[in-house]
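Worksheet for the structure shown next.
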Protein chains: 2
Amino acid sequence: MYEGIVQDLIDEFGRLPGIGPKSAQRITFHILQTRSFDVQRLSELLVEVREKVRFCSKCGNVTEEELCSVCRDPRRDTTLLCVVEEPKDVLAIEKTRQFKGLYHVLGGAISPIDGIGPDDLSIAQLMQRLASEDIHEVIIATDPNLEGEATAAYLSRLLKTIEVPVSRLASGLPVGGDLEFADEVTLGRAFEGRQPRT
Amino acid sequence: MYEGIVQDLIDEFGRLPGIGPKSAQRITFHILQTRSFDVQRLSELLVEVREKVRFCSKCGNVTEEELCSVCRDPRRDTTLLCVVEEPKDVLAIEKTRQFKGLYHVLGGAISPIDGIGPDDLSIAQLMQRLASEDIHEVIIATDPNLEGEATAAYLSRLLKTIEVPVSRLASGLPVGGDLEFADEVTLGRAFEGRQPRT
């Protein structure tokens, strides 16, 4: 243990996700020893982000305004709605430049182990949007893991009641990967979802 | 890219050692979404650490006072001096509870590639301490890598001129490890430094 505030700062960094005690120590010493590191800026940004950043009142994405940059963009196709778990998923999809519709951020996935049920996600807001907006297709883009699949299954069932076309992102082999290193489930999915070559 | 200050905070976290863009994003969203995380405290500690923490005027360890807790402790054996590269090495050695002497923190290791020569380390201060303090043994505890070994070799040669007994920490197999997984150099060192069983 270090003395006083050095240890306090190590402890605070250690509370952040993915930072263990060793990394926290390394970061703290970097801050102590690297005079060029702008500690003031990081310090101010931390408080500013917490104060100013909020969630888009329409889709739940992060923004500093009432609506996020996607919802504000008049060039987006408002008839396509992509449902994701987290704001970071919006960014991941935006990077592909393939999707030109709008998003709906659930704020997580159904996970009974963590005590997260459908009511803890913004599913009621999703149903409201589907009732009031003119949406022709809902693309479910939750994570391809247990919680994401459970959430996708729940949503699919729910959306059948209002007769809107629903699709799910394809599962299969990651591009650039080796077939022999794919796990059985992924390889199985790749067979199930095989596409005819044209 | 996110909008405005969210991306700014991601960028700032990304400048810290060991934090890539993905981790920086994860940490930023954790701070945004976890209301229980005390952003104010982290923010204040960052500035406080930079303002209050300095290096012990005697040994170079971190402290909030003029002298560090080791140098201030009257129970330490002032005839033993352990030379380390960084303040974090002091902590690592303190955790063993095996060493009761004092430290001297060099502030790095000799590394021509990084442009760090003997004059960039606190070697002059070390020689001053050896001249003014009653030291019976210098234990060189620099890292067992290229830079650390070069620094140890340089110090050994230099200290020969003032006739103080010098030792170097043993290299060999890490305790709890498997012999078959040890690299050739470490295994070679373990043979060189083998100890008679009593």
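So that the names make sense, note that chain A is the first sequence line, chain B the second, and so on, each numbered from 1.
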So what's closer than 4.5 Å to chain B heavy atoms on [X]: side chain, backbone, both or neither?
{"X": "A:Thr34", "result": "backbone"}
{"X": "A:Ser23", "result": "neither"}
{"X": "A:Glu48", "result": "both"}
{"X": "A:Glu94", "result": "neither"}

Cluster check [X], [Y]: I/L/V/M/F/W/Y, side chain < 4.5 angstrom:
{"X": "A:Val166", "Y": "A:Val105", "value": "yes"}
{"X": "B:Phe55", "Y": "A:Val6", "value": "yes"}
{"X": "B:Leu169", "Y": "B:Val164", "value": "yes"}
{"X": "B:Tyr154", "Y": "B:Ile139", "value": "yes"}
{"X": "A:Phe29", "Y": "B:Leu42", "value": "yes"}

- Message: Counting only non-hydrogen atoms closer than 4.5 Å, can you tell me which residues of residues 107-132 of chain A sit against chain B?
- Response: none
- chain B-proximal positions within residues 73-84 of chain A [heavy-atom distance under 4.5 Å]: none
Working to the nearest 0.5 Å, report the span between [atom1] of [X] and [atom2] of [Y].
{"X": "A:Phe13", "Y": "B:Leu45", "atom1": "CZ", "atom2": "CG", "value": "9.0 Å"}
{"X": "A:Ile10", "Y": "B:Leu91", "atom1": "CD1", "atom2": "CG", "value": "7.5 Å"}
{"X": "A:Gln25", "Y": "B:Lys88", "atom1": "CD", "atom2": "NZ", "value": "7.0 Å"}
{"X": "A:Leu16", "Y": "B:Arg26", "atom1": "CG", "atom2": "CZ", "value": "10.0 Å"}
{"X": "A:Leu46", "Y": "B:Glu44", "atom1": "CG", "atom2": "CD", "value": "11.0 Å"}

- Message: Does B:Ile162 have more than 12 heavy atoms from other residues, nucleotides or ligands lying within 6.0 Å of its CD1?
- Response: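 Yes - once you tally the heavy atoms of other residues, nucleotides and ligands closer than 6.0 Å, there are more than 12.
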- Query: Is B:Leu67 atom CG crowded by more than 12 heavy atoms from other residues, nucleotides or ligands, each under 6.0 Å away?
  - Reply: yes
- Report the option among A:Ile19, A:Thr63, A:Val90, A:Val39 that has the most heavy-atom pairs separated by less than 4.5 Å from atoms of chain B.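 Of the candidates given, the most pairs with chain B belong to A:Val39.
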- Item | Most chain B-contacting option - heavy-atom pairs closer than 4.5 Å, from A:Glu64, A:Arg54, A:Gln33 |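 Heavy-atom pair counts peak at A:Glu64.
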- Query: Ignoring hydrogens and geometry, is there a side-chain-to-backbone donor-acceptor pair from B:Arg50 to A:Ile31 under 3.5 Å?
  - Reply: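 Side chain of B:Arg50 to backbone of A:Ile31: a pair is present.
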- Message: When you measure from the side chain of A:Arg15 to the backbone of B:Phe37, do you find a donor-acceptor pair of N or O atoms at a distance under 3.5 Å?
- Response: no
- Go through the steps to decide whether A:Ile5 and B:Lys52 satisfy the test side chain to side chain contact (heavy atoms under 4.5 Å, CB included), and finish with yes or no. CA-CA 9 Å; A:Ile5 53 174; B:Lys52 289 193 187 159; 3.8 Å; yes
- Item | CA sep, side-chain torsions, deciding dist, call: B:Val53, A:Leu9, side chain to side chain contact (heavy atoms under 4.5 Å, CB included) | CA-CA 11 Å; B:Val53 175; A:Leu9 185 58; over 6 Å; no
- Could you tell me which of B:Asn61, B:Ile27, B:Asp38, B:Val47 has the largest number of non-hydrogen atom pairs under 4.5 Å with chain A?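 If we count pairs closer than 4.5 Å to chain A, B:Ile27 comes out on top.
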